Amino acid sequence: MSQSPIELKGSSFTLSVVHLHNSQPEVIRQALQEKVEQAPAFLKNAPVVINVATLNGDANWKELQQAVTAAGLRVVGISGCKDERQKRAIARAGLPLMSEGKGQKVAVDAPPAVAPVAENAPAKTRTISTPVRSGQQIYARNCDLIVTSSVSAGAELIADGNIHIYGSMRGRALAGASGDTQCQIFCTHLGAELVSIAGQYWLSDQIPSEYSGQAVRLSLLDNALTIQPLN
């Protein structure tokens, strides 16, 4: 039997979600373009999901998609839609409807047996002891990430768990990448381009200036980023 030319597998990706509070395409384009210009290295041509949960009434979905594309982003789907008429209109525009959070997985092959984990088993941690250079991306899947050296501008740290940086942090740090809102970021010298926990993020100009260069801890409170000194 010849081998299939394709293989279909499940996977997960970290995507930014744009929550729309206005349905006017030009207003959306201008607002998004301002965001992209603040962090072009992170947002230019980035795939995004458009959340329309707070939109009321009709919208021109094709024009909205064009507005997002014109701002430099790429729409991969629409989430938050509960109105059946809206769903039909979105489908007619050729846009996929998505559900945020962990959805059901469809198994193509039988899943491998998973060994039981003892209740007192230590949490897994990925440790990086060398400098993380510009253009590098480090991903700690299903665990915490510890970096004991510096992180250059243009570098990216991603972890499903917490992130600890015991050095100068000038790149991007995304903790709780799989959606865990209890995750935190610990940093001894903050100068990041972007910090994010479970999809909630601050660009460099949104980080309170009094914490620049300081030792800090970032966490989520009521689904909003908070920052405090690391004592």
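These numbers were taken from a predicted model, which means no experiment stands behind them.
Under the 4.5 Å side-chain heavy-atom criterion for Ile, Leu, Val, Met, Phe, Trp and Tyr, M169 and Y211 are members of the same hydrophobic cluster. Under the 4.5 Å side-chain heavy-atom criterion for grouping Ile, Leu, Val, Met, Phe, Trp and Tyr, L225 is connected to I227 within one hydrophobic cluster. Linking ILVMFWY residues whenever their side-chain heavy atoms come closer than 4.5 Å, directly or via other members, leaves V151 and L194 in distinct clusters. F186 is not connected to V216 by any chain of hydrophobic side-chain contacts under 4.5 Å among Ile, Leu, Val, Met, Phe, Trp and Tyr, and they are in different clusters. I163 and I146 fall into different hydrophobic clusters, where Ile, Leu, Val, Met, Phe, Trp and Tyr residues are linked whenever their side-chain heavy atoms come under 4.5 Å apart, directly or through other members.
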Given the rule in the side chain to side chain contact (heavy atoms under 4.5 Å, CB included) test, do T226 and S219 qualify, once you have shown the distances and angles that lead to the verdict? CA-CA 5 Å; T226 62; S219 59; 3.2 Å; yes
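Of the inter-residue distances, the one linking I78 atom CD1 with I90 atom CD1 reads 5.5 Å to the nearest 0.5 angstrom. In this structure, the separation between OG1 on T188 and CG on L230 is 8.0 Å, given to the nearest 0.5 Å. For the atom pair H21 NE2 and N51 CG, the distance stands at 8.5 Å (nearest 0.5 Å). We find the OG-CZ distance between S196 and R172 to be 11.5 Å, quoted to the nearest 0.5 Å. Expressed to the nearest 0.5 Å, how far OH of Y139 lies from CG of L145 amounts to 11.0 Å. In this structure, the separation between SG on C183 and CG on L218 is 12.5 Å, given to the nearest 0.5 Å.
Applying the 6.0 Å contact sphere to CD of Q182 captures no more than 12 heavy atoms from other residues, nucleotides or ligands.
Side-chain contact check for I50 versus V68: some heavy-atom pair is nearer than 4.5 Å. In this structure, H19 and T54 have side chains that are not in contact, with every pair of non-hydrogen atoms separated by 4.5 Å or more. Looking only at side-chain heavy atoms (C-beta outward), V17 and V48 stay at 4.5 Å or farther from each other. Looking at heavy atoms from C-beta onward, R74 lies in side-chain contact with T69 at the 4.5 angstrom threshold. You'll find the side chain of I138 reaches within 4.5 Å of the side chain of R126, heavy atoms only. The side-chain heavy atoms of Q214 and L190, taken from C-beta on, include no pair separated by under 4.5 Å.
Applying side-chain contact (heavy atoms from CB on, under 4.5 Å) to V147 and the options V132, T127, T130 leaves one that passes, V132.
In terms of heavy-atom proximity, Q184 sits nearest to N162 at N-OD1, 2.7 Å. Residues G167 and C187 come closest through the heavy atom pair O-SG, 4.4 Å. The shortest heavy-atom contact between A177 and I158 is CB-CG2, 3.6 Å. In terms of heavy atoms, V52 sits closest to C81 at CG2-CB, 3.8 Å. A pairwise comparison of heavy atoms in D83 and Q86 identifies OD2-N, 2.8 Å as the closest pair. Across all their heavy atoms, E193 and G154 have their closest contact at OE1-N, 3.1 Å.
Using modelled atom types, no side-chain atom of Q65 and backbone atom of K62 make a donor-acceptor pair closer than 3.5 Å.
In the model, E34 has no side-chain atom that pairs as donor or acceptor with a side-chain atom of Q30 under 3.5 Å. Between R170 and S168, the side chains place a donor N or O and an acceptor N or O closer than 3.5 Å (distance only, hydrogens not considered).
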